[in-house]
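A short write-up of the structure that comes next.
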There are 2 protein chains.
Amino acid sequence: MAVRSKSGAVAADGAVAPRPKVRIEEVARAAGVSAATVSRVLNRTALVSDDLRDRVEAAAREMGYVAHGAARALASRRSRAMGAVVPTLTNTIFSDAIEAFQQRLDAEHHTMLLATYDYDEELEYRTVRTMIERGVDGLMLVGSMHPPHLLELLEASGVPFVQTWASPRRSEHPAIGYDNGALARIVVDHLVGLGHREIGMVAGLTRHNDRVQARIAGVRGAMRRHKLRLPPERIVYTRYRIEDARAALREMQQRGPMPTALLANNDVVAMGLVVEAAAQGLCVPGDLSIIGVGDLEMAAHMRPPLTTVRTPKRAIGAMAADYLLARSNGRDFDLPPELSMELVVRGTTAPPPMRHKDPDS
Amino acid sequence: MAVRSKSGAVAADGAVAPRPKVRIEEVARAAGVSAATVSRVLNRTALVSDDLRDRVEAAAREMGYVAHGAARALASRRSRAMGAVVPTLTNTIFSDAIEAFQQRLDAEHHTMLLATYDYDEELEYRTVRTMIERGVDGLMLVGSMHPPHLLELLEASGVPFVQTWASPRRSEHPAIGYDNGALARIVVDHLVGLGHREIGMVAGLTRHNDRVQARIAGVRGAMRRHKLRLPPERIVYTRYRIEDARAALREMQQRGPMPTALLANNDVVAMGLVVEAAAQGLCVPGDLSIIGVGDLEMAAHMRPPLTTVRTPKRAIGAMAADYLLARSNGRDFDLPPELSMELVVRGTTAPPPMRHKDPDS
DNA sequence: TTGTATGCGTTATCAT
DNA sequence: ATGATAACGCATACAA
């Protein structure tokens, strides 16, 4: 089935010629005013007498006038568009944040340009470059670890930008996020409080992911405060797929004595661990405690329900939008030093299983 | 913490003046050629001698030249941007499709403008209008049910558009999707084949959602072919949250004799049903068969694993991009009459429980 | 193959 | 409060 647009003429070369669009000049003529006045009315950029305003609005509506964005951007030197460059949309933490970001932009009559780079540094760089070329008024990035020259490019362009899921205290550039050190303390304190001393991590891939590294450092630090250690063999790295998380659990089991509690990089990984443990006949939390990060909707409904740390996904997106909006208007915007999290204790954490003392000792 | 861009001067009114950007004219001067030649080199739009090409490319690179998108769009009358207007990103079927859509666009050096409207018709209209104003070269919509005048606006604008998750055979406008009637047949045939005769639906909200209506009609038709009926009381409507799906199951139970099998509108709803059934001590699939749509990642890992229908999420997004790219270039593009689905039989469907014959009859 | 000149549709500056 | 006019930065038709 060959489909053709029903409107617009088709030229010899097959190109679709859009219907002649009505321009500001024609609206002006119809309303008996100058183009400048039409512009003023439509943008509410200066006072216009009620009479003229009404005539202009009526004419614009009748003629179905739609402003030409590129021309407007060229003349006003603002695109009213903000870019968002994220690793992926598959992870709902990003899609939630993005949705909040866009909604906030929309309220201020801005549009969102979105691109994903699938954790590929080179692609991230090209994408940002494209966004700058598109003339975005601001740019939202993820994390504080970027390919070489990316920040240089950004600063040279003069485009306001903000890093999300990055620690404001550790980055010299504008950042919004929570402190992974604080998150680690919350989790470790909870587990140690339950009696765990052997704690392991199922982390994300660290390659190009500073959040993972910060998390590991945080857990290590938090454990040290309890005189505990987090040796490398207690850290397994995984992608964020259930399948991979299950393999990660098996991998850790093969490495030697199992920890009594595992911190998963996020809820999806945690679910994978729970699923694999169940498949092996292990009891969660009886034999193994598991804790996630993110508090996805499903977390509360699993059996057992997942203990996790709730992070402010939508708040991050909304704040990023507010920040960029402010900056692109030349206003200052105070970014909080960090956002808060909340431990949600449910059914996958409990005291560790009893250990028989070694009779020989 | 007040953050300021480190580049760019700050004017008295607080507005950030971006660094003077290098324009094509200056690159031309540096390379000792005309602006036209620079344009030709950078856009590969015409043949340029090797010598000049090298000089231009070197100059552009050194000076960090980045083209001005708005000016380019104004002059070339193409924005190299495509719009995507979807109900929400929370539902992963859309975020998956969107990701594929954007990746395909990126390969053709196009950018994606994305906006969600949260199933709000009025907002959908305004959003599309904004997209047109932004000068998108094409627009991806969801479904075939739109607010009044939306299609008119679209046709008047001459912007190519395509409806996803819409039946190409039932819409007079370009559409990509699978046939909900076919989907219904697949599901009903499976359940009836197992011996079910009392089948219920936990559908989405029909308000502004033609997919749901088509699905219901499809199931009703498929059941009729087996001499079965789908009375209104066997249809419960729900939002796509686990919590709501659980309530939907209870609602159906209150309505009278329970069906022996339920078709959920999607996998998230199906998971909610499974969770609620388990919480009530019901055995799935022993007491109740449940089938979803979508085949989310989690579906295969639940216990019991979810029987579902796999739909071509990413293919829809990719094909939408290909279609719009072709149309905006004046090329034809054959849209297939429908995309195929696949029944994935797992552990939540089984023959219905034995029924004792009513001794009185 | 390369350069010149014009136009893209709007906003902003400057008069009035 | 309103109108005339000059940018805005690039692509492209035309000329050479």
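Below, chain A is the first sequence line, B the second, and so on; all start at residue 1.
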request  = Return the value, rounded to whole Å, for the distance between atom CZ of A/Arg29 and atom P of D/dG3.
outcome  = 14 Å

message = Please list all pairs meeting ring pair (Phe, Tyr, Trp, His ring centres under 6.0 Å) that have one or both residues in residues 119-161 of chain A, counting only residues at least two apart or in different chains.
response = A/Phe161-A/His173

ask   = Tell me, which of residues 39-72 of chain A have any heavy atom that sits under 4.0 Å from an atom in DNA chain C?
value = A/Ser39, A/Asn43, A/Tyr65, A/Ala67, A/His68, A/Ala71, A/Arg72

ask   = OG1/B/Thr127 to CD1/B/Ile132 distance, rounded to the nearest 0.5 angstrom?
value = 11.0 Å

request  = Measure from the side chain of B/Leu74, starting at C-beta and using heavy atoms only, and say which of D/dT12, D/dG3, D/dG9 lies closest.
outcome  = D/dG9

task = Grab the CZ-P distance between A/Arg78 and D/dG9 for me, whole Å please.
result = 16 Å

ask   = More 5' along DNA chain C: A/Ser76 or B/Ala75, using each one's nearest nucleotide?
value = B/Ala75

query = Partners of B/Arg72 by salt bridge (Lys or Arg N to Asp or Glu O under 4.0 Å), sequence neighbours excluded?
reply = A/Glu133

query = Under a criterion of less than 4.0 angstrom to any heavy atom of chain A, what are the 5'-terminal and 3'-terminal contacting nucleotides of DNA chain C?
reply = C/dG9 to C/dA12

key: Sequence-distant partners of B/Glu26, side chain to side chain donor-acceptor pair (under 3.5 Å), two or more places apart   = B/Arg23

Show which side-chain atoms of residues 56-69 of chain B pair as donor or acceptor with protein atoms under 3.5 Å away, not counting sequence neighbours.
{"unit_1": "B/His68", "atom_1": "ND1", "unit_2": "B/Ala70", "atom_2": "N", "d": "3.3"}
{"unit_1": "B/His68", "atom_1": "ND1", "unit_2": "B/Ala71", "atom_2": "N", "d": "3.2"}

Pairing residues for A/Arg80 by the salt bridge (Lys or Arg N to Asp or Glu O under 4.0 Å) criterion, not counting sequence neighbours = none

remark   = Sorted by chain and number, sequence neighbours left out, salt bridge (Lys or Arg N to Asp or Glu O under 4.0 Å) with B/Glu25 holds for none

Kindly list each side-chain donor-acceptor pair under 3.5 angstrom involving residues 81-88 of chain B, sequence neighbours excluded, with atom names and distances?
{"unit_1": "B/Thr88", "atom_1": "OG1", "unit_2": "A/Glu99", "atom_2": "OE1", "d": "3.2"}
{"unit_1": "B/Thr88", "atom_1": "OG1", "unit_2": "B/Thr90", "atom_2": "N", "d": "2.9"}
{"unit_1": "B/Thr88", "atom_1": "OG1", "unit_2": "B/Thr90", "atom_2": "OG1", "d": "3.3"}

task = Let me know the distance between CZ of A/Arg77 and C1' of D/dA6, rounded to the nearest Å.
result = 11 Å

request  = Would you please name every residue forming a side chain to side chain donor-acceptor pair (under 3.5 Å) with B/Asp120, sequence neighbours left out?
outcome  = none

remark   = Across all chains, not counting sequence neighbours, the salt bridge (Lys or Arg N to Asp or Glu O under 4.0 Å) partners of A/Asp322 are A/Arg104

request  = Please round to 10 degrees the angle between the axis of the first five pairs and the axis of the last five pairs in the helix from C/dT1-D/dA16 to C/dT16-D/dA1.
outcome  = 30°

request  = Look up atom CE in A/Met319 and atom CE in A/Met140, then write down how far apart they are to the nearest 0.5 Å.
outcome  = 12.5 Å

